[in-house]
Trainee: 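Below is the structure I would like to discuss, written out as structure tokens.
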Amino acid sequence: MLKLKVASPDVAKQHLETLGKRFDEAMSAWKSPFAGYPPFTSDLKRVLQSERDFILVGDVSRLHKVVQQVKHKAGPLDHYLRNRPSAKSGVRQADMEKLITKLGEIFDYSKFIYKGVGWNAYKLVGSYSLRICPYCHLHHVNYHSQKAGDPKKLELRPPLDHFLPKSIYPYLAVSLYNLVPSCHQCNSSIKGDEDPSETMPHPFDTSVALDMSFTLKGSPLGIAGVTHEELGLTVTGNSTWDEFATFFHLQERYQWYAPEVTDMLKRKQFRDESDTVVQSLMRADFILGFDPLDYEKRALGICLRDIARRQGVL
Ligand SMILES: [Zn+2]
């Protein structure tokens, strides 16, 4: 997994200014008495106000502390969000839904992804200069979606994953450290509303290492004509690898790209069988298909680099 770092203090500053202003406006318009809301609503509001800055730009450990505080002061809400619609929280469902709608207004993600002037999701994604999904390292972090109001047109939208899903943590819907640029497949097709916080390291948490490495099953000799099923890839890593790889179905997904690995091995084979003049012209980056230093910026980059190393290309 690629580890992410917020690009600069200026990013956090802009994020806090823009989202903090929206937070303040929504909060000042939300006054007690909270008729029609759950009984713990005023306690929850106090937590959100006192933790405002940490919610918006606090790092991973701060976000976990906020979650604990919300659980402490608004336990039935946490229980309801994790189990709805069948949850029995002891609070009227209509009251709980009203509160959740209010949280959606205070931490309004739809406003953040609106491409207008000022700080927004497009600018946040741009600040990372990230080309490849940090979860799978297979796909680019962009996708085209139908333009709102004109389904015949496509537009490039920022794919941001809520690492802690906003369906369970609506108060973290616009938190800087909860917005992870990722590919559409990891974000929408696989991760969805799953809460990975118990089992998976956070991409922003640099204290937990998570390395990918790749090997080939069998001998690379006589590679021409070998199908991708025969080629096979093995994905290995450190102790946290298994849960991460299983969660994102990485073994199966990497298997699909074995033909690209075969292409590289064919180039290597061609070089090995050529005379010394051709061999001197076919440098490592020609065989690999990109500059080895750019492996974090290329789809399949880590995989191709690892296999190139093991095959003596690098
Ligand atoms: Zn991905």
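Every number for a ligand or one of its atoms is a count from 1 in the order of the listing. Residue numbers run from 1 in the order of the sequence given.
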Trainee: Taking 2.8 Å as the limit, list every protein N, O or S atom around the Zn ion (ligand 1), by chain and residue number.
Mentor: Cys133 SG, Cys136 SG, Cys183 SG, Cys186 SG
Trainee: Taking all non-hydrogen atoms of both residues into account, name the closest pair between Leu48 and Phe23 and its distance.
Mentor: O-CZ, 3.5 Å
Trainee: Please list all pairs passing the side chain to side chain donor-acceptor pair (under 3.5 Å) test where one or both residues lie in residues 282-295, with sequence neighbours left out.
Mentor: Arg283-Asp285
Trainee: Arg131: what forms a salt bridge (Lys or Arg N to Asp or Glu O under 4.0 Å) with it, not counting sequence neighbours?
Mentor: none
Trainee: Could you tell me which residues satisfy side chain to side chain contact (heavy atoms under 4.5 Å, CB included) with Lys111, sequence neighbours excluded, listed by chain and number?
Mentor: Arg22, Asp108
Trainee: For the ring pair Tyr171 and Phe107, is the centre-to-centre distance below 6.0 Å?
Mentor: no
Trainee: Does a salt bridge link Asp195 with Arg82, judged by any charged N lying under 4.0 Å from a carboxylate O?
Mentor: yes
